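Since the structure comes first, as structure tokens, the remarks are kept for the end.
These numbers come from a predicted model, not from an experiment. The chain is numbered in sequence order, starting from 1.
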Amino acid sequence: MDRQRLEQIEKYVLRYLKARHQTRILAKELFESTSEYANADMVRALEDLEKHERLLVRHTTEGNDYISLTAHGVVHLGLDDIEMT
């Protein structure tokens, strides 16, 4: 995947999180939110945001896959007025 496409998907992910005004979402909800991007491409964007940007983490709790913003991600998105879950 080229870098421009990856950045486009990363921006979508961050806009989605910001619009939800939540620090943690079910990964399934993100994947179901659009048919514009393949799930595999979305996973690549999540990996980049997690490993390189350190804006989020992916984790599984009680069988559910979640995406959670890090403290840095909360500040980056301007969501520091909400309580982290």
Side-chain angles (χ1 to χ4, degrees):
M1 170 185 311
D2 67 50
R3 185 69 198 163
Q4 184 177 10
R5 177 79 171 162
L6 182 64
E7 288 175 0
Q8 179 183 15
I9 298 169
E10 288 174 359
K11 287 177 183 176
Y12 173 80
V13 169
L14 295 175
R15 281 193 311 266
Y16 181 83
L17 288 164
K18 187 171 185 170
R20 296 287 303 264
H21 207 69
Q22 295 175 311
T23 60
R24 184 177 80 163
I25 61 164
L26 283 168
K28 177 182 174 182
E29 293 174 356
L30 175 65
F31 292 125
E32 292 176 347
S33 69
T34 183
S35 60
E36 187 174 346
Y37 308 117
N39 286 357
D41 292 341
M42 192 88 72
V43 168
R44 286 184 193 97
L46 291 171
E47 287 174 352
D48 193 60
L49 289 168
E50 180 177 24
K51 294 177 182 175
H52 299 273
E53 304 295 327
R54 306 224 187 273
L55 297 177
L56 56 85
V57 293
R58 295 173 296 157
H59 55 95
T60 302
T61 304
E62 298 179 6
N64 294 308
D65 295 325
Y66 289 96
I67 299 165
S68 295
L69 291 171
T70 62
H72 179 66
V74 169
V75 171
H76 180 80
L77 293 180
L79 297 176
D80 41 357
D81 61 329
I82 62 174
E83 186 176 323
M84 290 188 65
T85 56

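- Scanning both residues, L56 and L46, for their nearest heavy atoms gives CD1-O, 3.8 Å.
- Of the inter-residue distances, the one linking L26 atom CG with T61 atom OG1 reads 10.0 Å to the nearest 0.5 angstrom.
- L30 CG to M42 CE: the interatomic distance, rounded to the nearest 0.5 Å, is 4.5 Å.
- In this structure, NZ on K51 lies 6.5 Å from CZ on R58, to the nearest 0.5 angstrom.
- Atom CG of L49 and atom CD1 of I67 lie 9.5 Å apart (nearest 0.5 Å).
- Of the possible donor and acceptor atoms, none in the side chain of T60 sits under 3.5 Å from a partner among the backbone N and O of D65.
- Hydrophobic clustering of Ile, Leu, Val, Met, Phe, Trp and Tyr side chains at less than 4.5 Å, counting indirect connections, unites M1 with V43.
- Of the inter-residue distances, the one linking R20 atom CZ with L77 atom CG reads 14.0 Å to the nearest 0.5 angstrom.
- Note: Q22 CD to E29 CD = 7.0 Å, rounded to the nearest 0.5 Å.
- Counting only heavy atoms from C-beta outward, the side chains of H76 and R54 never approach each other to under 4.5 Å.
- No path of Ile, Leu, Val, Met, Phe, Trp and Tyr side chains, each step under 4.5 Å between heavy atoms, connects I9 with V57, placing them in separate hydrophobic clusters.
- For residues 32-46, the salt bridge (Lys or Arg N to Asp or Glu O under 4.0 Å) pairs, not counting sequence neighbours, are D41-R44.
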Verdict with supporting geometry, E53 and H72, side-chain contact (heavy atoms from CB on, under 4.5 Å): CA-CA 9 Å; E53 304 295 327; H72 179 66; over 6 Å; no
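- In the hydrophobic clustering of this structure, Y66 does not group with L14; members are Ile, Leu, Val, Met, Phe, Trp, Tyr whose side-chain heavy atoms approach within less than 4.5 Å, directly or through other members.
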Does the side-chain contact (heavy atoms from CB on, under 4.5 Å) test come out yes or no for Y16 and T34, once each step is laid out? CA-CA 10 Å; Y16 181 83; T34 183; over 6 Å; no
With salt bridge (charged side-chain N to carboxylate O under 4.0 Å, His left out) as the test, would you mind laying out the steps for E7 and K11 before giving the verdict? CA-CA 6 Å; E7 288 175 0; K11 287 177 183 176; 5.4 Å; no
